[in-house]
**Q** 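The structure is given below, and queries will be raised subsequently.
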Amino acid sequence: MPTYHYIAVIPENGCPRCSKGFDLRRPISRPPLTECPLCKTPVRKVITSVNTPRVSKPMSVSDAKSAGFTILEKRCDGSYEKL
């Protein structure tokens, strides 16, 4: 289930929970919340960034082999040779 972040439409009118924002795990099939579960103040769903892994440097042949990958090198005739 994905985690959604909600915050009060007008933070000054909300409770401490919705005025600062809160996370809620909900199925994708359910519609987004329109009001805070505690104080019934209108809330909106906030779009947040997604964490993706970053590769800081290319893997070396020995790193790839130790990770379980098969290393192939292309030859002049178009075939591949296993290293």
Side-chain angles (χ1 to χ4, degrees):
M1 265 191 291
T3 302
Y4 297 103
H5 186 76
Y6 292 92
I7 192 165
V9 175
I10 304 172
E12 296 82 27
N13 295 345
C15 66
R17 182 177 180 189
C18 67
S19 63
K20 293 180 182 176
F22 61 94
D23 293 332
L24 187 64
R25 291 183 61 185
R26 293 172 61 91
I28 294 173
S29 60
R30 293 187 64 188
L33 286 181
T34 56
E35 58 184 28
C36 175
L38 297 177
C39 67
K40 307 300 182 205
T41 301
V43 294
R44 63 181 172 89
K45 186 166 55 168
V46 179
I47 305 297
T48 58
S49 63
V50 178
N51 287 337
T52 56
R54 294 185 183 180
V55 177
S56 58
K57 63 175 184 157
M59 290 181 72
S60 67
V61 172
S62 60
D63 289 341
K65 282 184 178 180
S66 64
F69 290 96
T70 301
I71 308 301
L72 301 174
E73 187 174 294
K74 189 172 183 178
R75 298 293 174 200
C76 296
D77 61 353
S79 62
Y80 288 90
E81 180 182 327
K82 185 175 179 180
L83 295 180

**Q** Tell me, do R30 and I28 make a side-chain contact under 4.5 Å, heavy atoms counted?
**A**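 No, too far: nothing below the 4.5 Å cut-off.
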**Q** Quick one, L33 and F22 - any side-chain contact, counting heavy atoms below 4.5 Å?
**A**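 Yes; the side chains approach each other to less than 4.5 Å.
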**Q** Please find the pair of heavy atoms, one from R26 and one from P31, that lie closest to each other, and give the distance.
**A**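 For R26 versus P31, the nearest heavy atoms are NH2-O, 2.6 Å.
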**Q** Considering all heavy atoms of both residues, which atom of H5 and which atom of D23 are nearest to each other, and what is their separation?
**A**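 Shortest heavy-atom contact: ND1-OD1, 2.6 Å.
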**Q** At their closest point, which heavy atom of G14 faces which heavy atom of C18, and how far apart are they?
**A**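 Reported closest heavy-atom pair: CA-SG, 3.6 Å.
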**Q** Does some side-chain heavy atom of E35 sit less than 4.5 Å from a side-chain heavy atom of T41?
**A**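 Result no, sub-4.5 Å side-chain heavy-atom pair not found.
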**Q** Taking only residues two or more places apart in sequence, or in another chain, which ones meet Y4 in a ring pair (Phe, Tyr, Trp, His ring centres under 6.0 Å)?
**A**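 Result, ring pair (Phe, Tyr, Trp, His ring centres under 6.0 Å) vs Y4: none returned.
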**Q** Quick one: list whatever passes side chain to side chain donor-acceptor pair (under 3.5 Å) with N13, sequence neighbours left out.
**A**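 Not a single residue meets the side chain to side chain donor-acceptor pair (under 3.5 Å) criterion with N13.
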**Q** Should R17 and Y6 count as side-chain neighbours, where that means a heavy-atom distance under 4.5 Å?
**A**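 They are not in side-chain contact.
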**Q** Roughly how far apart are L83 CG and S62 OG, rounded to 0.5 Å?
**A**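 Atom-to-atom, L83:CG and S62:OG are 12.0 Å apart.
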**Q** Ignoring hydrogens and geometry beyond distance, is a side-chain donor-acceptor pair present between S66 and D63 at under 3.5 Å?
**A**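 Checked: S66/D63 side chains show no N/O donor-acceptor pair below 3.5 Å.
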**Q** Rounded to the nearest 0.5 Å, what separation is found between the CD1 atom of I71 and the CD atom of E81?
**A**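 I71 atom CD1 to E81 atom CD measures 13.0 Å (nearest 0.5 Å).
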**Q** How long is the straight-line distance from SG of C15 back to NZ of K20, given to the nearest 0.5 Å?
**A**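 Nearest 0.5 Å value for the NZ-SG distance: 10.5 Å.
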**Q** Once you round to the nearest 0.5 Å, how far does NZ of K82 lie from OG1 of T70?
**A**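 Spacing of NZ (K82) from OG1 (T70) equals 5.0 Å.
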**Q** CZ/R25 to OG1/T3 distance, rounded to the nearest 0.5 angstrom?
**A**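 Between atom CZ of R25 and atom OG1 of T3 there are 5.5 Å.
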**Q** If you round to the nearest 0.5 Å, how far is CD1 of I7 from SG of C36?
**A**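 It is 11.5 Å, given to the nearest 0.5 Å.
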